[in-house]
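Here is the structure we will look at.
One-based numbering along the sequence shown.
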Amino acid sequence: MADYQDSKAVVLRFYRDFEAASPARAAEILDRHTATDYRFRGVHPFNELEGAGAVAETVWRPLLEGFTAPQRRQDILMAGTNEKDGEPWVISMGNFMGLFDRPWLGIPPTGKIAFLPYAEFHRIEGDRIAESALFFDLIRVMVQAGLSPLPMQTGAEIIHPGPRTHDGQLFEPQDEAETTKTMALVNRMKDHIVSTYQSVYPRELLAETWHEDMLWYGPSGIGSTYTIDRYRQQHQLPFRQNLADLTFNGHVCRLAEGRYAGWFGWPNLTMTPTGGFMGLPATERRVDMRVVDIYRRAGDKLAENWVLIDIPHWLLQQGVDVLERARGIGLGSAANRV
């Protein structure tokens, strides 16, 4: 049985130390837990960074300064061998929560509790984190701050719950047979998706790998859906009908452990928006989409799927800078809608 407990322990030690850190100590803590050639990928405006110092000053210090007493509220923790590079990776997913007391990335503060959905991937070398990818749902924070960066979405705007089974934090070794079964299922589902990119994903094909009462937790701007039929109506059809020439670029990390699996790409997809998706006009530009998917399997099918998309980066390629539009907008002002 594969045992990734040492890799998880590396990440959990980092999380423990970082939660107690002040903004001024962010670089020190990150340097203590990362390799000398630490590599970082993050959603726009962070993008790609090298070294603990740059990541601390660009990503973590501003977050710690913007949110008072932040907590990492982790819903899923898993680890495994990445199918793409054969290395051990750890995945953490949940929400950061804190008092949004000071501006962050140009988003005006609320002085209230705010939730920041996240998914984080770490490649482990020995007792250090060698590489990380961090996805935030920045649009959801903007919505909580009273901004409306996008038109009304097709799904529901909610704070995503953790797994229905409340067993997503895999602190103990998992059955290798269960892991193999999960990996095979998500790869089969992926192949179905890719093979139908130039058409509509047939309902009967969806039902081969998804439960009828599937839960699809989409990012703010798209929203969440429940059941196969509402998923098709509220996300799949708008996505397929308004985005043309979809190309799958592969994943950087793809792994499973027990009944859970996850992946991210950089970018996963390239497409041409033909108009209408997220309320945007058509463009002739080919644009990239960076996506995270986290899955829970129940029996022989998938039951829940948490999705984060780097929507600010996707919009920026089409000439829409939602973070720039947010700068200087005061909460409660007449100009509160960007």
Side-chain angles (χ1 to χ4, degrees), residues 4 8 12 15 71-80 90-97 113 115-121 135-137 140 143-144 153-190 192-193 201 203 205-236 254-264 291-309:
Y4 299 97
K8 294 175 192 174
L12 291 172
Y15 288 172
Q71 297 179 3
R72 180 188 294 266
R73 302 181 68 87
Q74 181 173 259
D75 293 313
I76 291 175
L77 175 73
M78 64 177 131
V90 177
I91 302 174
S92 172
M93 191 211 78
N95 285 273
F96 285 95
M97 185 207 74
I113 291 174
F115 283 83
L116 171 59
Y118 81 90
E120 196 166 19
F121 294 69
F135 282 69
F136 286 142
D137 189 340
R140 185 151 294 150
V143 170
Q144 292 170 80
Q153 55 211 331
T154 51
E157 173 68 35
I158 63 172
I159 297 295
H160 296 158
R164 183 184 183 187
T165 47
H166 302 283
D167 60 358
Q169 299 195 74
L170 307 183
F171 294 123
E172 302 297 330
Q174 301 296 301
D175 186 333
E176 194 165 348
E178 293 292 300
T179 297
T180 299
K181 189 174 181 178
T182 302
M183 195 77 260
L185 180 61
V186 295
N187 277 328
R188 180 183 173 203
M189 179 271 301
K190 169 185 65 68
H192 285 176
I193 292 174
Y201 195 163
R203 190 194 191 285
L205 202 58
L206 263 170
E208 286 187 18
T209 54
W210 292 93
H211 284 283
E212 286 290 331
D213 60 349
M214 65 176 285
L215 279 155
W216 190 85
Y217 302 113
S220 192
I222 297 174
S224 298
T225 70
Y226 177 43
T227 73
I228 284 180
D229 289 331
R230 295 300 171 88
Y231 166 74
R232 295 185 78 242
Q233 173 191 344
Q234 296 172 352
H235 173 62
Q236 184 198 77
R254 183 168 68 237
L255 65 85
E257 186 181 21
R259 292 185 297 275
Y260 289 85
W263 61 47
F264 83 93
V291 186
V292 165
D293 281 279
I294 307 293
Y295 300 96
R296 180 178 71 84
R297 175 178 61 82
D300 294 328
K301 295 185 180 181
L302 298 170
E304 295 183 276
N305 180 195
W306 296 261
V307 179
L308 285 92
I309 299 176

>> Under the rule for salt bridge (Lys or Arg N to Asp or Glu O under 4.0 Å), what residues qualify as partners of Arg254, not counting sequence neighbours?
In response: Glu83
> Between Lys301 (side chain) and Met214 (backbone), is there a donor-acceptor pair under 3.5 Å?
Replying inline: no
> What are the two closest heavy atoms between Ala207 and Ile228, and how far apart are they?
Replying inline: CA-CD1, 3.9 Å
> With Lys181, which residues qualify under side chain to side chain donor-acceptor pair (under 3.5 Å), at least two apart?
Replying inline: Asp300
>> How close do Tyr201 and Gln236 get, counting heavy atoms only, and between which atoms?
In response: CB-NE2, 2.7 Å
>> By the salt bridge (Lys or Arg N to Asp or Glu O under 4.0 Å) test, which pairs, at least two apart or in different chains, include something from residues 159-174?
In response: Asp167-Arg259
>> Atom CD1 of residue position Ile113 - does it have more than 12 heavy atoms of other residues, nucleotides or ligands inside 6.0 Å?
In response: no
> How far does OG1 of Thr165 sit from CZ of Arg296, to the nearest 0.5 angstrom?
Replying inline: 4.0 Å
>> My understanding is that only residues two or more places apart in sequence, or in another chain, count here; which of them pass side-chain contact (heavy atoms from CB on, under 4.5 Å) with Ala184?
In response: none
> For residues Gln74 and Arg72, is any side-chain donor paired with an opposing acceptor at under 3.5 Å?
Replying inline: no
> Any donor-acceptor pair under 3.5 Å linking the side chain of Asn95 with the backbone of Met97?
Replying inline: no
> With sequence neighbours excluded, what pairs up with Trp216 under the ring-ring contact (aromatic ring centres under 6.0 Å, His included) test?
Replying inline: Tyr231, His235
>> Test your reading of the model: is there a side-chain donor-acceptor pair from Asp293 to the backbone of Phe264, 3.5 Å cut-off?
In response: no
> Can you check whether Trp306 reaches Ile76 side chain to side chain, under 4.5 Å on heavy atoms?
Replying inline: yes
>> When you compare the side chain of Leu302 with that of Leu185, does any pair of heavy atoms fall below 4.5 Å?
In response: yes
> Does any pair with a residue in residues 159-187 pass ring-ring contact (aromatic ring centres under 6.0 Å, His included), and if so which ones, sequence neighbours excluded?
Replying inline: His160-Tyr217
> Of the non-hydrogen atoms in Thr225 and Gly155, which two are nearest, and what is the gap between them?
Replying inline: CG2-CA, 4.4 Å
>> Tell me the closest heavy-atom pair linking Tyr260 and Pro163, and the distance in Å.
In response: OH-CB, 3.2 Å
>> Per the salt bridge (Lys or Arg N to Asp or Glu O under 4.0 Å) rule, what does the pair list look like for residues 207-219, sequence neighbours excluded?
In response: Arg188-Glu208, Arg203-Glu212
> So which heavy atom on Ile294 is nearest to which on Met78, and how close?
Replying inline: CG2-CE, 3.8 Å
>> Nearest 0.5 angstrom please: Ser220 OG to Ile309 CD1, how far?
In response: 11.0 Å
> Is the ring centre of Tyr295 less than 6.0 Å from the ring centre of Trp263?
Replying inline: yes
>> Can you list everything that forms a side chain to side chain donor-acceptor pair (under 3.5 Å) with Tyr226? Sequence neighbours excluded, please.
In response: none
>> Tell me if a side-chain donor or acceptor on Thr179 pairs with a main-chain N or O of Gly258 at a distance below 3.5 Å.
In response: yes
> Can you name the residues that form a side chain to side chain donor-acceptor pair (under 3.5 Å) with Gln234, not counting sequence neighbours?
Replying inline: none
> At their closest point, which heavy atom of Tyr15 faces which heavy atom of Ser92, and how far apart are they?
Replying inline: OH-CB, 3.3 Å
> Taking only residues two or more places apart in sequence, or in another chain, which ones meet Thr182 in a side chain to side chain donor-acceptor pair (under 3.5 Å)?
Replying inline: Arg297
> With a 3.5 Å cut-off and no angle check, do the side chains of Glu157 and Gln153 form a donor-acceptor pair?
Replying inline: yes
> If you round to the nearest 0.5 Å, how far is NZ of Lys190 from NE2 of His192?
Replying inline: 10.5 Å
